[in-house]
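All of these numbers come straight from a predicted model, not from anything done at the bench. Convention: sequence-line order gives letters A, B, ...; per-chain numbering from 1.
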Protein chains: 2
Amino acid sequence: MILKSQVEWVLHCCAILAGLPENRYLSTKALAEFHGVPKEYLSKALQSLSQASIVVTTLGPSGGYRLAKVPSEITFLEIVEAVEGKASTFVCSNIRTNNPCRPADYCETKPCAVARIMWEADEAWRAKLRSVKLSDLVDTLSKEIPADLWKSSFEWVLQRT
Amino acid sequence: MILKSQVEWVLHCCAILAGLPENRYLSTKALAEFHGVPKEYLSKALQSLSQASIVVTTLGPSGGYRLAKVPSEITFLEIVEAVEGKASTFVCSNIRTNNPCRPADYCETKPCAVARIMWEADEAWRAKLRSVKLSDLVDTLSKEIPADLWKSSFEWVLQRT
DNA sequence: GGCGCTCTACTCGGATAAAAGCTGTCCGAGTGCGCGTGG
DNA sequence: CCACGCGCACTCGGACAGCTTTTATCCGAGTAGAGCGCC
């Protein structure tokens, strides 16, 4: 069970978009070149973000993506779920109904106990992601990345808005 | 990102094995029939449990599997990791090194900030699974399943040990 | 009666294969901006 | 100088292909117990 690489890509893309001036759009091409990933496939991931109302897009030249909200109002969970889907990582196929001793008219009252535990673990994972905001990531990055690299990266990006 | 169906299977199998008398072995065939899953493929999952020292196996007739430890000393995490592997659900491909502004001799001091957050979420998931023991599942099941079904199920199983 | 042999039921591990999901590519349609041309 | 139209750069969406993982299935090798025959 491994998350799609698209998850990593869009998280980094959001970090870049968060540093953009208001109402500036960045094209898929620029984001793909900056991160060294295939443009067309990254485009699919960004479309998912768009459908989830995390980013907004403009067509035509000087078009591209920008964040739909302030970075402090975007959680990691939103971004991850936009790409991976909101479904739980554990699916219960109700294996217990195959029990040969089970009467045909037996009716379950609760979801399977195994599934309940697995869903709780899934929820713990989501809760952690929900607690981290995009602005937290930007704060961390701006502290850890050397100032000159930080600056030149945004100059590189701004040339392509 | 969805867990293997084998995870569900082995969790239910462990619940059955936990209810077995000491030193009785249950065959793959019986476990597969009881849960209505393919015998040979379930066998692969049980082999993983065996390699992780969660169950022990005996060859020959009246052979099969039994738990290697007391149910209160087996965590959900052990079982899930035996099947899914211990690797994190998020793999960092170090996308940041593709930054075109990055000097060639630049050396990272810390793992990527994005990865660190994702790994924390992964750890939250594992921590939850680590906190639940197999004996907790058995307790819950024995309360929720009607006594007659519980009893007849174990009679069915005991006939095949 | 005791020893050993065979037979059987089971696990283990490898080889194989179908199905599904992930990763990546390609192309046509639609859209908005800028440029050029003509009034 | 202004208006209109054309072309370009971009997004969007669908179609498609290769690869990996998941989900199986099959079969031979090895093992332990049961039953049988032989001494």
remark   = Note: for A:Gly63 and A:Gln51 on DNA chain D, the residue whose nearest nucleotide lies more 5' is A:Gly63
task = Establish, from distance only, whether the side-chain atoms of A:Thr140 and A:Glu144 form a donor-acceptor pair under 3.5 Å.
result = no
query = Under a 4.5 Å cut-off applied to non-hydrogen side-chain atoms, are A:Arg66 and A:Asn23 in contact?
reply = yes
request  = Would you kindly give the CG-to-C1' distance between A:Leu31 and D:dT11, to the nearest whole Å?
outcome  = 13 Å
query = Just checking A:Ser43: base, sugar-phosphate only, or nothing, at a heavy-atom cut-off of under 4.0 Å?
reply = nothing
inquiry  = By the 4.0 Å heavy-atom rule, please label B:Ser27 as base, sugar-phosphate, or nothing.
reply    = sugar-phosphate
request  = Would you please confirm or rule out a distance under 4.0 Å between OP1 or OP2 of C:dC33 and any side-chain N or O of A:Ser62?
outcome  = no
task = Give the rounded distance in Å between these two atoms: CD of A:Glu40 and P of D:dA15.
result = 16 Å
message = Quick one, A:Arg102 and A:Arg96 - any side-chain contact, counting heavy atoms below 4.5 Å?
response = no
remark   = B:Gln6 CD to D:dT25 C1', in whole Å, measures 14 Å
query = Separation of A:Ile2 atom CD1 from D:dT21 atom C1', in whole Å?
reply = 10 Å
inquiry  = What is the separation between atom CD on A:Glu8 and atom C1' on C:dC22, rounded to the nearest whole Å?
reply    = 15 Å
task = May I ask you to verify whether the side chain of A:Lys44 and the base of D:dG14 hold a donor-acceptor pair under 3.5 Å?
result = yes
query = Nearest to the side chain of B:Ser50 - C:dC12, D:dA9, D:dT11?
reply = C:dC12
query = Do the side-chain N or O atoms of A:Ser5 get closer than 4.0 angstrom to the phosphate oxygens (OP1, OP2) of C:dT23?
reply = yes
query = Between C:dC22 atom P and A:Met1 atom CE, what is the distance in whole Å?
reply = 12 Å
message = Can you measure A:Trp9 atom CH2 to C:dT23 atom C1' for me and round it to whole angstrom units?
response = 7 Å
ask   = At under 4.0 Å, does any side-chain N or O of A:Thr57 touch on OP1 or OP2 of D:dT11?
value = no
Spacing of B:Gln47 atom CD relative to C:dG14 atom P, expressed in whole Å = 9 Å
task = Return the orientation label for the B:Phe90 and B:Trp119 ring planes: parallel under 30°, perpendicular over 60°, tilted otherwise.
result = perpendicular
inquiry  = Check the orientation of B:Tyr41 and B:Trp9. Use parallel for under 30°, tilted for 30 to 60°, and perpendicular for over 60°.
reply    = perpendicular
inquiry  = Closest approach to the side chain of B:Tyr41, judged atom by atom: which nucleotide of D:dT23, D:dC12, C:dG24 is it?
reply    = D:dT23
query = Want to settle it: does B:Lys4 or B:Leu59 sit nearer the 5' end of DNA chain D, counting the closest nucleotide to each?
reply = B:Lys4
